[in-house]
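The next block holds one structure in the form of structure tokens; read it before the comments.
Start at 1 with the first residue, then count along the sequence. Source: prediction; values computed, not measured. Both backbone and side-chain heavy atoms feed into the values below; hydrogens, waters and symmetry mates do not.
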Amino acid sequence: MSGHGPNPNAGAPPVLRAFLDGIDMLGRLDGWMGAACLVALTCLMLGEVLVRALSDIFPWVPADIPVAWEYGSYLMAAAFTFGAAMTLRAGGHIRVTLVLARIGPKARRWLETVLAALGVAFSGYLAVAMVNFTWRSFVSEQVSISSATPLWIPQALVTFGICLLVMQFIARFFQALFGLPLEDLNMRAGSVAE
């Protein structure tokens, strides 16, 4: 396991620790894929601006990149879902801690376990729906109107990100159940960049 601090899964039983460490590795991959989508989105939008500016100078340059907005939408959706699992593990999601701050450690652990189970249920439902949606697009060979891109490709990226979020919620459930740290400070932006 990479990182500069102690492994937050160190207190788990060996088999569970390997499972949790594997999900943490996938969470890091998830974060890097989200960052790559943001870089690609930025390059696409800068390319759109550059092409537009050049078209004012050179009449033979097209006024826009025809797929910029379509692919920009795909990249934005992928970046959002790819970043979700790593953000959950790093403790970056917005939470209302009003109740958690006022209860004891045992009640807090119980509540965190229940909330993680609810997270598994809700994100799992979303993942199943997205898998079905993507599969239907693949089977019916749906393509986008503007670029003829097979729609299952961007849908599969979003579905993959959501599936990683489900896995991170499953890991969080076991971490809460066994009293392990729920957040990995090694995944926060400052420690990842070091």
Report yes or no: do [X] and [Y] belong to one cluster of Ile/Leu/Val/Met/Phe/Trp/Tyr joined by side chain heavy-atom distances under 4.5 Å?
| X | Y | result |
| --- | --- | --- |
| Trp69 | Leu75 | yes |
| Leu16 | Met167 | yes |
| Phe178 | Leu20 | yes |
| Leu151 | Phe133 | no |
| Val120 | Leu180 | yes |

*Test ring pair (Phe, Tyr, Trp, His ring centres under 6.0 Å) applied to Tyr74 - qualifying residues, sequence neighbours left out*: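 For Tyr74, the residues satisfying ring pair (Phe, Tyr, Trp, His ring centres under 6.0 Å) (neighbours in sequence not counted) are Tyr71.
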
*Residues two or more places apart in sequence or in another chain: which of them pass ring pair (Phe, Tyr, Trp, His ring centres under 6.0 Å) with Phe138?*
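Phe138 satisfies ring pair (Phe, Tyr, Trp, His ring centres under 6.0 Å) with Trp135, Trp152 once adjacent residues are dropped.
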
_Derivation of the side chain to side chain contact (heavy atoms under 4.5 Å, CB included) call for Leu126 and Phe122_ = CA-CA 6 Å; Leu126 180 60; Phe122 287 120; over 6 Å; no

Please find the pair of heavy atoms, one from [X] and one from [Y], that lie closest to each other, and give the distance.
| X | Y | value |
| --- | --- | --- |
| Gln155 | Ser137 | OE1-OG, 2.7 Å |
| Leu88 | Arg172 | O-NH1, 3.8 Å |
| Ala85 | Leu164 | CB-O, 3.7 Å |
| Pro154 | Thr149 | CD-CG2, 4.5 Å |
| Asp30 | Thr81 | OD1-O, 3.9 Å |

With a cut-off of 3.5 Å and sequence neighbours excluded, list every side-chain donor-acceptor pair involving residues 48-66.
{"from": "Glu48", "atom 1": "OE1", "to": "Ile65", "atom 2": "N", "distance (Å)": "2.8"}
{"from": "Ser55", "atom 1": "OG", "to": "Arg52", "atom 2": "O", "distance (Å)": "2.7"}

_Other members of the hydrophobic cluster containing Val131, with the 4.5 Å side-chain heavy-atom rule, please._
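When side chains under 4.5 Å apart are linked, Val131 ends up in no cluster with other residues.
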
How long is the span from the [atom1] atom in [X] to the [atom2] atom in [Y], to the nearest 0.5 Å?
| X | Y | atom1 | atom2 | value |
| --- | --- | --- | --- | --- |
| Leu26 | Asp21 | CG | CG | 11.5 Å |
| Ile145 | Glu70 | CD1 | CD | 9.5 Å |
| Ile23 | Leu29 | CD1 | CG | 13.5 Å |

*Write out all pairs satisfying side chain to side chain donor-acceptor pair (under 3.5 Å) with one or both partners inside residues 104-130, taking only residues at least two apart or from two chains.*
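Matches after skipping sequence neighbours: Arg95-Glu112.
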
*asked:* Walk me through whether Arg28 and Asp24 qualify under salt bridge (Lys or Arg N to Asp or Glu O under 4.0 Å).
replied: CA-CA 6 Å; Arg28 282 187 177 82; Asp24 281 353; 5.3 Å; no

_side chain to side chain contact (heavy atoms under 4.5 Å, CB included) between Leu157 and Phe82, worked out_ = CA-CA 8 Å; Leu157 294 175; Phe82 279 148; 4.1 Å; yes

Under 3.5 Å, which donor-acceptor pairs link side chains of residues 34-44 to any protein atom two or more places apart or in another chain?
{"from": "Thr42", "atom 1": "OG1", "to": "Leu38", "atom 2": "O", "distance (Å)": "2.8"}

_Would you say CZ of Phe80 has more than 12 non-hydrogen atoms from neighbouring residues, nucleotides or ligands within 6.0 angstrom?_
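No, the 6.0 Å shell around CZ holds no more than 12 heavy atoms from other groups.
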
*Are the side chain of Arg89 and the backbone N or O of Leu182 linked by a donor-acceptor pair below 3.5 Å?*
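Flag set: sc Arg89 to bb Leu182 pair under 3.5 Å.
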
